[in-house]
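We name chains A, B, ... by the order of the sequence lines, and we start the count at 1 in each one.
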There are 2 protein chains.
Amino acid sequence: MTTNPVDTEEKIKEAAQRIFLEKGFDGATIRDIAEAAQINTALTNYYFRSKEKLFWLVYESLLKEALKSVQAIMDKPISVKEKLIALLDHMFEVHAQNPNQAIFFMNECRRNPQGFAEKIGINCEAMEQCFNVQFEEEVKKGIIINVSPDAIFPLIFGMIQQIFAGRELTMHLFQMNEAEFDKHALEQKRIIKEMILKYLFNE
Amino acid sequence: MTTNPVDTEEKIKEAAQRIFLEKGFDGATIRDIAEAAQINTALTNYYFRSKEKLFWLVYESLLKEALKSVQAIMDKPISVKEKLIALLDHMFEVHAQNPNQAIFFMNECRRNPQGFAEKIGINCEAMEQCFNVQFEEEVKKGIIINVSPDAIFPLIFGMIQQIFAGRELTMHLFQMNEAEFDKHALEQKRIIKEMILKYLFNE
DNA sequence: AACTAATTTAAACAAGTGTTTAAAATTGTT
DNA sequence: AACAATTTTAAACACTTGTTTAAATTAGTT
């Protein structure tokens, strides 16, 4: 059998991401990860020093990826309305592909707000600033009702997240299987989108 | 010092609720709870047999209380619009008083969906049924737009929850202190309420 | 092939976990 | 006051946790 250090490192990272997303930092054990990656327990520490360091690597990578794609939408030369629609669709897609992400971020941010702030800090401000300026311009022009973008931005993120953060809860409360939930989620997105557009834009 | 068994039991339950809400089942330890209740570690097992049994007691009590108050609103002889407003205000109040509840339920439901389903199961269906009938009547009358109550109910729960589930995240993302967040939360509620009413009701 | 460096392994470590135990302290009852 | 039952305690239990170690295996170089 050939031993490829890069492959092993990658295998651990992938498994760690999977397990951490599923169980959170507290719930996941180094042995869970090792088993998922099909490697010896000691190797996680050989490659990443500690559980915490491995976690922050996964955490940061997930955050960066998420921010980057949102940034890409915000940088497009399109109207606020188009940006919001794109943002809604994109966020939905991301969470649909990995329903654990929403609750994972909420959780880990609460478990260690400081760490989260350090990781995300600056990147987000710039993006937000850019959106805010455009938003307020359209408010002035009368395209958008008089409301602060600071209230709208988290609302949109939150509403999409909420669909998936409460996935298990919804599925068991309304006794849905996975396919039914997917349908339900799409319907939720449609309503959310209509609601936001109907609310923000004057006809 | 007088030793009152009931008080000790109650002290443990209260501390357990506080700690479980804060750290979740995985994050909380029996020693955390004992310290918070200012009692010996062994007493939690003396009174409640096991950590798991204590947890389910707290979990069920929180769930029942939450359902009961929602049920009370749903049983009132008022219109759907009035019920939705009351529901929004009530949910907001509950979560504002204890911001940890939202994320706690999401988490623990995902950690053990089966257990959640067993605890909540029947109670919820009856309540939902009652609301659904009234809702669909008003849809027929043309008061409410043509949309399923099954989509609206979780949306409202979710949107209020989302404000508080993402509390730490929002605070650090937008660099708010607690007072600023409280103001932000109220603004979020106002927008959510307006959004839902504007969306659901034909003028 | 021989040697060095890198990788992997099994085993153990110390610390923390939920839980139990047996003795001590307290309470209630006669 | 004396006894029995209940409650509380300190200590230990068995187990899991993240981490380390030292030996074994593999890869790369001359």
Annotated protein contacts, base or backbone, on nucleotides 13-24 of chain D with a non-hydrogen cut-off under 4.0 Å, one of B, S, - each: ----BBBBB---
Separation of atom [atom1] in [X] from atom [atom2] in [N], rounded to whole Å:
| X | N | atom1 | atom2 | value |
| --- | --- | --- | --- | --- |
| B:Ile33 | C:dT17 | CD1 | P | 11 Å |
| A:Leu43 | C:dA11 | CG | P | 16 Å |
| B:Gln38 | D:dT8 | CD | C1' | 15 Å |
| B:Tyr47 | C:dT19 | OH | P | 17 Å |

Exceeds 12 heavy-atom contacts within 6.0 angstrom, atom CG of B:Asn177: yes
Would you give me the side-chain donor-acceptor pairs under 3.5 Å for residues 102-110 of chain A, sequence neighbours excluded?
from	atom 1	to	atom 2	distance (Å)
A:Asn107	OD1	A:Arg110	NH2	3.4
A:Asn107	OD1	B:Asn107	ND2	2.7
A:Asn107	ND2	B:Asn107	OD1	2.6
A:Glu108	OE1	A:Arg111	NE	2.6
A:Glu108	OE1	A:Arg111	NH2	3.2
A:Glu108	OE2	A:Phe25	N	3.0
A:Arg110	NH1	B:Leu21	O	3.4
A:Arg110	NH1	B:Glu22	O	3.4

Partner residues of A:Lys23 under the salt bridge (Lys or Arg N to Asp or Glu O under 4.0 Å) criterion, sequence neighbours left out: A:Asp32
Salt bridge (Lys or Arg N to Asp or Glu O under 4.0 Å) involving A:Glu194 - partner list, sequence neighbours excluded: A:Arg190
side-chain hydrogen bond (donor to acceptor under 3.5 Å, both in side chains) partners for A:Glu136, two or more places apart: none
All pairs passing side-chain hydrogen bond (donor to acceptor under 3.5 Å, both in side chains) where residues 82-91 of chain B contributes a residue, at least two apart: B:Ser69-B:His90, B:Ser79-B:Glu82, B:Lys83-B:Gln134, B:Asp89-B:Lys189, B:Asp89-B:Lys193
